[in-house]
Structures are given as structure tokens and as C-alpha cells.
Amino acid sequence: MRTNRFRKEAVAQHLKQHFGQSADLTLVPIRVGSRQGLLCYLSTMTNTTFLTENVTMPLLQAYRQGNFPEDRGLDAVRERLYGGLATRLLDDPQPLPGMLTQGYAGLLLDGEPLMLMIDVKELEKRSISEPTTQNVIKGPKEAFTESADTNMSLIRRRILNERLRFEKFVVGSQTKTHVYLTFLEGDADERILRDIRGFLQSSSIDSLFDSGSLEQLFRSRGGQLFPTVYNSERPDSICACLMDKRVALIVNGSPFVLIVPALFADFFESPEDEYQWFMVGSFIRTLRYLAFLLSLSLSALYVAVTCYHQELIPTLLLTSIAAQRTGIPFPAVIEMFLMEITFELLREAGTRMPRLVGQSISIAGALVLGEAAVQAGIVSNITVIVVALTAIAGFVSPVYSFGANIRLFRYALIILGSLFGLYGVIVGFAFLVIQLTRMESFGIPYLSPLSRLVGRRSS
Amino acid sequence: MKTPRRIARFLVAAGILLILGGCWDMVEVSRSSLITGVALENGQNHAFRVTVEVLNAAETMSAENGRGDAPAQLYTAEADTLSEAVNRMNEQFDRLLIGSHMQAIVVDERLARKGLNDLMDFFVRSRYIREDVNLVISKNDRASDILRVPYPGGMNAGLAIQSQIFNLNRVWGGAPKSRMNDYTIATQTPGRELLLAAVSAEGPVGKNMDSVKTLEPKSSIRVMDTAVFRGDKLVGFLPASDTNIVLLVTDDLEQTTISVPLREDKAFAAVRLVRLHASKSVRMHSGRPKITLNVQGVGFIVSLDATMPLDRASGYQELERLAEGYVKERIDATVKKVQTDFDADIFGFGEWMYRHRHSEFERISKSWNELFAEAELQVDVDIKLERSELKTRKNNEIR
């Protein structure tokens, strides 16, 4: 008889073989009338209260009241008692361990040819809170959380459209992380979807804990200098992108949802721009481009111009710079790097410090390093101004990772500027522009809204 | 593997590029000084004597922690070429000199009479000298004395001359713009002679900053007259009071104020003229140039000594007539003076002919200045008085 497949002892043995002595593997022997049974689940993936109320209690109650469908098997149990729950019948014990890790509880009754799997997954999760990295003044204040289910719900409740799809993929040979490909059926480019599906299915990574890793995987495919994947923790931003015929990737465990394809101009756009008068929105957007240029080039231009092209500086400014730099022991470029590195240290320390001591970092940074370094004559005021301005401008991009990218180019430009003057800066810029124009994000030219009106594949 | 090799090759190439490129032409601003003014004179042992005004950055207005030292210092060198003199300045000075921020070139009157072309060649050729550097002539005084006039508040002579000439030109038209570019344009345009501002130092020029520690500065720079050139040689000076009329004729005047004499004795009406436009035409009439000049402008009555009915059109018409007559008179007098004193067409009448009657002008271009001296002038002036500032009547006319 086939019943032998789901003998209680055999299943328990099978599970112990897979999970070893893991403390969260729970095997509860139960008795329903005369029949022996086994309830198995992972206590870490389920909520015991929920399990008791919704699985065990109905079973026992039904038996006591005498309407337990003893003779008609698990299929009837499933229909009668667990009507509201997601259940599956298993005829092969092989996928059992895998299903337990996904939050199913297995119910087994001696003599039954099948095993009932009940989805009782309930995890502790953070409630929806305000975004921490992409704040807006005006606009929705919800942010994604680490739970992909919550995130999907946040999207679904904004786009009440039956064409919205969440396609599930499992990425990571060890972690088996769930990744949901989200798009509007019919709107999203089928070619891009095929590309991403293929990529997700064929990816050979072990583990995936944050969408950032996935972002880097996409990026390393092209060896690109600028990010080609947009990330946001704001549902309204992601929904706007979905309406814009793009594709979102929700990674379970990450509050940042990815958007592909992402183009250069996207990193200067915040959903907030569209929630206010277009003049203000356009102004702010223009300001971001300006900030990008400033953050990229200001310190390099300062070094290049003060070291090689004094004739470009207005006379009074040059005298002011010369007066301030009198007695400074280092050349302008060393001074600039001193301050830039100092700032990077402060930023890094500031982000990693426990929040309680964070205060002391800003005091040490602002007072001790800024004031004292100038007064001690190690760096000049104007360098501090330039570094502070580039640093502030670097934070203007609505996407943090984009601003962080610019830093590296800035250093390269400073070095070029200090060696070759404006010529070096221009060459560096030319290199960046060439890179930008030849870059593509999933077949769409990276600069497309700026370089041409219709984004079309270049090759 | 291919990639590590490629990276290594890139690093080696970049390293070589960076090391060989180096910082060979880097200039450290804190170890160099700006030249703000240059004075050129006849040398005693050599052709030129060059005095440079070198900025002391720590004492300028933008530096807070000055010690009260002079904001600029003068260094002098003699040589047979300007370049040699400037480049040998480090014989007596410790820092690298940066010439690109020069604001004023002061040329000694005696040197200017010998011709500017040889002097200016060095400046015009140099890529570091700005085209808008002021070129002025020192009248009566040695050129270097102009740079010896001290200024309060960390100002230096070079910047001061530039600002003084700019403001005088803009507010009253009392000096031509006098930039190096104007020199270039004038020398390259047939039928137009060069006009430059002439300055002199009033009062005893000091060796220290004491002059500015008193309420009345002991010395100051005065924009005296306007230097008139023929070719590149200085031929004389036109009184400062005529300069705005010259600029009016050349259509370079932004605004000016004239004192129109009224019918009553010693009574004047001050009229500020703006939006001025002069159009000229020249034609040859039996061997003599016949010049027609049409001046149009708008005026505001700034002050009025006599009682005139400014609340009626007739008052304005009367004043307009007087002002037009006065301006016409001034233009006639000034042109006559230039014709008799200098034989130099500083007004650019010849330039007009060069542009509009080219073939006719080609034949006489060589002797244009002499022909100009005999030219017949006909002036039409049209001034519209628009308003009389805030008040229509004087205070004593209001009961």
C-alpha cells in the first residue's frame, strides 16, 4: 500500500535527517480519535498561537463534536476545517523540508496516502514607517519594509489594476530568497522582462540578503561606472516607475525595491517634484543637475585653477585666496585631499556610530577639525568652503547610491586637475561623457531623454 | 586571465603618464604675487625703466588679519626690452610674479610722445595680459609716481585707476575708456585716432602710507586731460571739460551733465543727458570734407536757476532750444579746437568714410588728418527734455 510513504516514524526520520538537531524543528505527535498523527513545522517560521488556534483546535473540536470526516481522508479535512487557509496536499515526502522552511506546517495521519501542508507562515515584521533615506516634505510618508509581502501590498493598494503582476523567483542556492518581478502586464517591455527572467533563473549566487547585491549583479554585467538600476524605499516612487512601463524587483528582506531600466535622468527625479507646482519642481530638478556638476567638479576645478590658471580667477578672489593660503604648508591638492578624506571619515563614522554618540562626531568634525585646522594654518578657509560645498551638493541626489558614486570620480578629477590643470579636468569629463553616452540600461541608451527624444536600442 | 593583465597594463600606462606629466608648470598662489600695475618710463642707462606694483595679498581688503603694512609695493628695473625688465624683477623680489591680473599700464608722457607701438607689443602679444587692462598716460608726473599714491582700505593704485576711469567714464564721460583693446582698435582702424585718459598725481607722493591716515589725503590721482594721439605718438592733451563732447561725437557717451547758460546772467540749467546717439556722414565737397553730424538725446532737468514755467509745454520747449543750442556750440568749439590744435581725427569721421565711401577714402586716406583739419562741420542737435526729476517748481515758487 502507498500509505507506507507517510508513516509517522519515517517522516520524522526524514526530517531529522535534513534538519539535524536544529532547535526550531518541531514534531508534535497528535491523536485524532484512534488515529496517530504528526504535526511538523519550524517554530521560527510560524506563529504558535496561530497554529494552535487555526490548525490544532479545529481538528480537535471537530473530533469532539463528532463531525470529523474520519473515513473520507485528508481532502475532506482540508475542505471542511481549513477552508480559509492556503493548503496543499503532498503525495511525495521529498519536498517536505523545503516547504517547512517556507512556513508550512505538515499534518500527517496514519493510514493516509497524502500529507496535508497548511500555510501558517507568520513572521514578526516591522511595521510600515517613514522613509529614512528618501524623505519628502510633501507626499506619501510610507516606506517599504523588509517583508516582501508588505511591500507587494503597498504597491497593490496604490495600483488597483488587474494587470499588475508579481512573478516569484527564488534566487540564491543557499538562502533561497524570494524575488518578485513586478510589472504591468502589457505595458512593460517584453524584451526586458525576458532578459530579467533569464538572469534571475540563471543566477548562481549563494546568498541574497539585500536588493543592493542584486543591483551590483546587474551592474557588473556591463562593467558600468554609473548605476543602471534605480532603487527606492518609497512606494509612490516605485508605482510611478511601474506606470512608466518599467519593471520593479522586490527582494524579500530588503526595504529597497529596484527599478529597471534606470537612466541617468532618473537619479535626479524625486516623486515630490510632481506633487507641486511645475515651476518649483523644474527648478528643484535643475538645481539637482547643478549640484551634480558642482559635486563632481568643484574641488577639481578649484585645484586646477589655483595651481595652473590664476588668470581665470577674478583679481579680488585671487588675492583673497592668496592671502588665505599664505603660510599653508601643503600644496592645494594635498590640502584638498586632507579635507576630503577627513570628511569621508566623518561621514563613515557618523553613519556607523550608535545614534547616542553620533552627536560627538558632529561636534568633533565641525569644531575641532574645521575650525581648528583653519586656525592652526593647516588648511585654508576656502578649501573648507569648497569641500563643504561639494559634500552638500553630493547629498542632493534623491538616490543616495548615486551621490556616493560621484565621490570616486571626484577624486579622479582632483588628481587629474592637480597634474594637468584644466586640461586634465576636461579630459576626465570627456571620459565620463563618453562612458555615459555609450552606456545602456537593458538596451535603452543611458542618456536617452537628454540625448534623443525616442529611446531606441542603439545597435 | 585577460582582465588582470589589462588592468596591470592600464595602471602602468597611467603611472607613467602621471609621473612623467608631473606638476611641472604648477604655480603656488601663496608663493607668488600679483602685479596690479605697471609704469613705463624712459630709462637712464637702458631704453626702459619699468616699475611694477606688486600686491601684498595679506594686506588687501579681502584679508582680515593685516598688520597695517602697505597693500602693494613697487619694484623698479631697467632694461632694453620690457620683457627683460619684467622677467629680471626677481633680482630684487622673492616671489613669482603673476602678470595676468594687471589692471593698469601707466605710460610716461615723454615715452608716449616717442610712440606706443614698441611699448605695447609686449603686452599685446602676451596671452596673460587681459585686453581690458587700462592704458593711461601720466601727464606732468613720472609714471611711477602715479603708482606711489597710497589708498586706504587695502586698495592699490592699479585697481584704483581702473575703477576711477570706469566710473568717470560712466557718470560724466570725463575720460575715454582707455583699455588696451581701444588702443588696438584705434591703431588698426584707418581714419580714427587714439584717445587715452591722462592722469597725474596731485600733491606730494609719499614713500609710506601716512597720506591715507589723515582726513584729507595728501596725494591723490587726478584724471587730468585726455591724451590725443596721431598714429601711435602722443601729440597733445585735450582739456578734460571737452572730453564728454568728444565722446558724444564718437557715440561712446553713456550719460553726461551739461550746464546750459540761461538768458539771465550767471544763471544755468543743469541737464542730464542720457540715451545719446550721434550719427555722422561725411562727403568730399570740392576737396574738403563736409561733415554732417546728427545728435539725438533725452534730457532730464536736474536744476534750474531761473524761473521757467515747467508746468507748461512752452517752458520745456524754451529749455530744449537753449540746451540744443548749447550742445551745438560746444560741439562746434571742440571740433574746431581739435582741428586747429592737433590735426588728428579722434572723432572717427574718417572711419565713417572708410566704411561707407571706401573707394573715395582710399585715395585720401594718407592725408586724411590734414583734410580733417580743414573739414566743414554741420551739426544738428535734437534733445528731448522728458522731465524735471521729482519737482516741477522750485521750493521758493510754491506758495
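By convention in this document, chain letters (A, B, ...) are assigned in the order of the sequence lines, proteins followed by strands, and residues within each chain are numbered from 1.
- B:Ser30 and A:Arg325 get closest at one heavy-atom pair: CB-O, 3.1 Å.
- Taken from CG in A:Leu318 to CG in B:Leu34, the straight-line distance is 4.5 Å, to the nearest 0.5 Å.
- At distances below 3.5 Å, not a single donor-acceptor pair connects side-chain atoms of B:His101 with backbone N or O atoms of A:Thr319.
- For a heavy-atom cut-off of 4.5 Å, chain A lies close to no residue in residues 84-94 of chain B.
- When all heavy atoms of B:Gln103 and A:Thr315 are compared, the closest pair comes out as NE2-OG1, 2.8 Å.
- For A:Leu317, no part sits under 4.5 Å from any heavy atom of chain B, backbone or side chain.
- Within a 6.0 Å sphere centred on CZ of A:Arg347, other residues, nucleotides and ligands contribute more than 12 heavy atoms.
- Judged purely by atom type and a 3.5 angstrom limit, A:Gln310 uses its side chain to pair as donor or acceptor with the backbone of B:Val27.
- In this structure B:Asp141 satisfies the side-chain hydrogen bond (donor to acceptor under 3.5 Å, both in side chains) test with no other residue, sequence neighbours excluded.
- Residue-level contacts of residues 124-137 of chain B with chain A, in order of numbering, are B:Tyr128, B:Arg130; threshold 4.5 Å between heavy atoms.
- Contacts between residues 332-340 of chain A and chain B, defined by a heavy-atom separation under 4.5 Å, are made by A:Ala332.
- Atom CZ of A:Arg197 is surrounded by more than 12 heavy atoms from other residues, nucleotides or ligands within 6.0 Å.
- Considering all non-hydrogen atoms of both residues, A:Pro329 and B:Arg31 come closest at O-NH2, 4.1 Å.
- To the nearest 0.5 angstrom, A:Leu419 atom CG is 10.0 Å from B:Met26 atom CE.
- Contact between A:Ala322 and B:Ala57 at its shortest, heavy atoms only, is CB-CB, 3.8 Å.
- Taking 4.5 Å as the limit, some side-chain heavy atom of B:Leu159 sits within range of a side-chain heavy atom of A:Leu316.
- Counting heavy-atom neighbours within 6.0 Å of A:Phe429 CZ, excluding the residue itself, gives a total above 12.
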